[in-house]
Every structure is written in structure tokens, then in C-alpha cells.
Amino acid sequence: MSGDVKKIPVAGHGSLRLPAVDVDGYNVELRDDEGFVGDRASRRAFGESLEKWREPLRKLGADPFGERETEELGKKELEAILAKGDPEAAGVVQGAIEDFAQELAGVIRRFLKLKSWRDTERIVVGGGFSFGRIGELAIGRASVILKSEDTPVEVTSIHNHPDEAGLIGAVHLAPSWIFSGHDAILAVDIGGTNIRAGVVELNANKAPDLSKACVWKSELWRHGDEKVKRDEAVERLVEMLRGLIRR
């Protein structure tokens, strides 16, 4: 047989057709006069809303959180206050949750007007904020707001832990048969603040579609706390991967 043979890639970077799903769109960068629309439903936005509710109480000398900075209030502490803490402090947290839910619903409304988002039936929210009672309540409230407006879309939290979801998702970027004869893969999740690397067990014997894949070991580097160049970041990542290989 002679002549050129056209090679069909098994998977390509940024592929829109994956083994389990077809990607209609990603990285929506809608902007308005206030900036990126999606930034209105972020952890930072929740903190700003919390501060907004504290400000008038602070002027009256009645801030239930006292002199503490809003940035110092951790998620677990806020959840404990919401569950059985001071009623006014819980009221501040509840107000921030409502604000966030309204903003999230507004962002979703804007996205659903895009061609690539039409006919969307379910939206899964990830990230660290979604993993916890406050995030669950905000997401649930946004879902109720949209349904009450006759917007037939389900809004829910991602199933896997946010720290592991990106790593586990790596196994779904290629056909499952490509992992035949292997027990695990090395996966990397690069974010704006953190880089995670991990060994993801395939568990193909339990689920051929790799739906039972899980993180066996992982390492986290908060590169956002350091001023590093690209080459330095790559070297550090290689060290993390070598350590995982040894383990």
C-alpha cells in the first residue's frame, strides 16, 4: 500500500466531541459596563455582598461580627453561624446568600440567551464555593428563582469534590479503550491560584465508562502565593509528577 495515509487523531486539544458528551461552548466571556458577567457569581462576589450587609450595621455599632475583617471569616465558620449562631450574624449571611443567588440566576439568564446555551436542561456548578452548605443553599435558591420564572433549567452542584473534579475529569477526555491495560493515569489541573497533580485510579473493572474513577493520591501547590516564571512553574510541576510516580 502506497501513498499518504490520513491520520485521524484519537483526541485533540480543545476537542468539542468527547466520549461522553459533545461540548457546545465554553469559556463564555460576556462583558458589560461592570466587567465580565460571570464574575458576579464568584466567591469574591459573595464576600463583597457580605461586606455590603455589614457596612450599615457597622456604622450603627451593631455589626455582629465585631472588628473582624470580612476576608477573615471562613466558610466553615459562616456555616456554623448560619446553623446555630447569633441570629443577626446568621441574618447577614442569609442576606449574602440571597444576593449571590439572585446574581447567579441573572448570569444564567444571560448565558441561556446565547446560541450555544439554548435548550440547556441542567447546569452543574463547580468550584470550592459550591462545596458546602452556603454554596448549596445559594445554588438551590438560584434554581428556585429560575423555575419560578418558568425557566426550565436544573441548577445543581458538581458531584465530585472540587479539589478532585478537574483531575477525575481528565480520564473523560479520551476514549476509555485507550486506557486498556492501565490502572491509573497522572492528571494535572491548573488554576489561577492552585496547581493540582494527582494519580487517578480508573476502576474500569467497576465501571467500563470510567464513572467510578477516583483520586488515589494528589499534591497541591498554591502558585498564586509566589511570583514564579513559566519555566519555574513547569519544573515544579514536573517535580510533583515525579513524586506521584514514585508513590
Side-chain angles (χ1 to χ4, degrees), residues 28 30-112 120 122-166 189 191-194 196 220 222 224-225:
V28 178
L30 281 180
R31 296 182 66 102
D32 58 16
D33 295 339
E34 298 179 11
F36 287 110
V37 173
D39 287 346
R40 298 176 189 171
S42 64
R43 181 183 293 185
R44 184 180 64 181
F46 179 81
E48 291 173 352
S49 181
L50 202 63
E51 178 66 20
K52 182 196 76 173
W53 284 100
R54 292 183 62 191
E55 187 174 356
L57 298 176
R58 192 181 294 122
K59 291 179 180 179
L60 296 172
D63 184 355
F65 294 99
E67 299 294 327
R68 298 181 63 189
E69 297 291 334
T70 298
E71 293 78 8
E72 298 176 1
L73 303 174
K75 183 171 62 175
K76 291 183 178 180
E77 180 181 355
L78 294 177
E79 290 179 349
I81 290 172
L82 190 64
K84 51 183 179 182
D86 176 76
E88 288 199 355
V92 171
V93 178
Q94 186 62 53
I97 291 174
E98 178 65 23
D99 286 350
F100 185 91
Q102 293 286 351
E103 291 290 358
L104 178 57
V107 170
I108 291 173
R109 287 191 209 100
R110 292 284 299 273
F111 284 4
L112 290 176
T120 296
R122 177 184 296 172
I123 296 173
V124 183
V125 182
F129 182 78
S130 67
F131 193 77
R133 190 55 180 165
I134 289 178
E136 290 176 346
L137 290 174
I139 292 168
R141 174 61 178 149
S143 181
V144 169
I145 292 171
L146 292 169
K147 288 179 179 178
S148 68
E149 299 171 346
D150 199 25
T151 304
V153 61
E154 179 186 357
V155 186
T156 185
S157 302
I158 199 165
H159 175 71
N160 294 107
H161 192 286
D163 292 346
E164 301 180 347
D189 180 8
T193 303
N194 301 319
R196 291 183 177 85
L220 171 67
R222 289 185 58 84
D225 295 337

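All values below were derived from every heavy atom in this structure, side-chain atoms included, with hydrogens, water molecules and symmetry-related copies excluded.
- In this view, Glu71 and Glu69 satisfy the side-chain contact (heavy atoms from CB on, under 4.5 Å) rule, not counting sequence neighbours.
- Scored by the side-chain contact (heavy atoms from CB on, under 4.5 Å) test, Ala165 finds Ile158, Asn160 as partners (sequence neighbours excluded).
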Step-by-step side-chain contact (heavy atoms from CB on, under 4.5 Å) determination, Leu78 to Phe46: CA-CA 12 Å; Leu78 294 177; Phe46 179 81; 4.1 Å; yes
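- Annotation for Pro64 and Val92: closest pair CG-CG2, 4.2 Å, computed over non-hydrogen atoms.
- Remark: Glu88 pairs with no residue by the side-chain hydrogen bond (donor to acceptor under 3.5 Å, both in side chains) rule, at least two apart or across chains.
- In this view, Leu220 and Asn194, Arg196 satisfy the side-chain contact (heavy atoms from CB on, under 4.5 Å) rule, not counting sequence neighbours.
- Under the 4.5 Å side-chain criterion, counting only non-hydrogen atoms from C-beta, Thr151 is not in contact with Ile108.
- Nearest heavy-atom pair, Lys75 versus Ile134, reported as atom, atom and distance to 0.1 Å: O-CD1, 4.3 Å.
- Remark: Arg133 engages Glu136 in a salt bridge, criterion side-chain N to carboxylate O under 4.0 Å.
- Rounded to the nearest 0.5 angstrom, Leu60 CG and Glu55 CD are separated by 11.0 Å.
- Glu98 pairs by the side-chain hydrogen bond (donor to acceptor under 3.5 Å, both in side chains) definition with Gln102, Arg141, not counting sequence neighbours.
- Across every non-hydrogen atom of Leu104 and Ala142, the tightest pair is CD2-CB, 3.8 Å.
- Lys147 pairs by the salt bridge (Lys or Arg N to Asp or Glu O under 4.0 Å) definition with nothing, not counting sequence neighbours.
- Between Ala105 and Ile145, the shortest heavy-atom distance links the atoms CB-CG2, 4.0 Å.
- Under the 3.5 Å distance criterion, the side-chain polar atoms of Ser143 are left unmatched by any main-chain donor or acceptor of Ile139.
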Steps toward side-chain contact (heavy atoms from CB on, under 4.5 Å) verdict (Glu51, Arg58): CA-CA 10 Å; Glu51 178 66 20; Arg58 192 181 294 122; 2.9 Å; yes
Pair Thr120-Phe111, side-chain contact (heavy atoms from CB on, under 4.5 Å): steps then yes or no: CA-CA 10 Å; Thr120 296; Phe111 284 4; over 6 Å; no
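- Within a 6.0 Å radius of NZ in Lys76, no more than 12 heavy atoms belonging to other residues, nucleotides or ligands are found.
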Worked verdict on Leu146 versus Leu112 for side-chain contact (heavy atoms from CB on, under 4.5 Å): CA-CA 11 Å; Leu146 292 169; Leu112 290 176; 5.6 Å; no
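- Partners of Asp225 under the salt bridge (Lys or Arg N to Asp or Glu O under 4.0 Å) rule, at least two apart in sequence or in another chain, are Arg222.
- At least one side-chain heavy atom of Val93 sits less than 4.5 Å from a side-chain heavy atom of Phe65.
- Here Asp63 pairs with Arg54 under the side-chain hydrogen bond (donor to acceptor under 3.5 Å, both in side chains) rule; sequence neighbours left out.
- With sequence neighbours excluded, the residues satisfying side-chain hydrogen bond (donor to acceptor under 3.5 Å, both in side chains) with Glu149 are Arg109.
- Residues satisfying the side-chain contact (heavy atoms from CB on, under 4.5 Å) test with Glu48, not counting sequence neighbours, are Arg44.
- Between Leu73 and Ile81 there is no side-chain heavy-atom pair separated by less than 4.5 Å.
- The shortest non-hydrogen separation linking Ser49 to Gly95 is OG-O, 4.4 Å.
- The two residues Thr70 and Gly47 make their nearest non-hydrogen contact at CG2-O, 3.6 Å.
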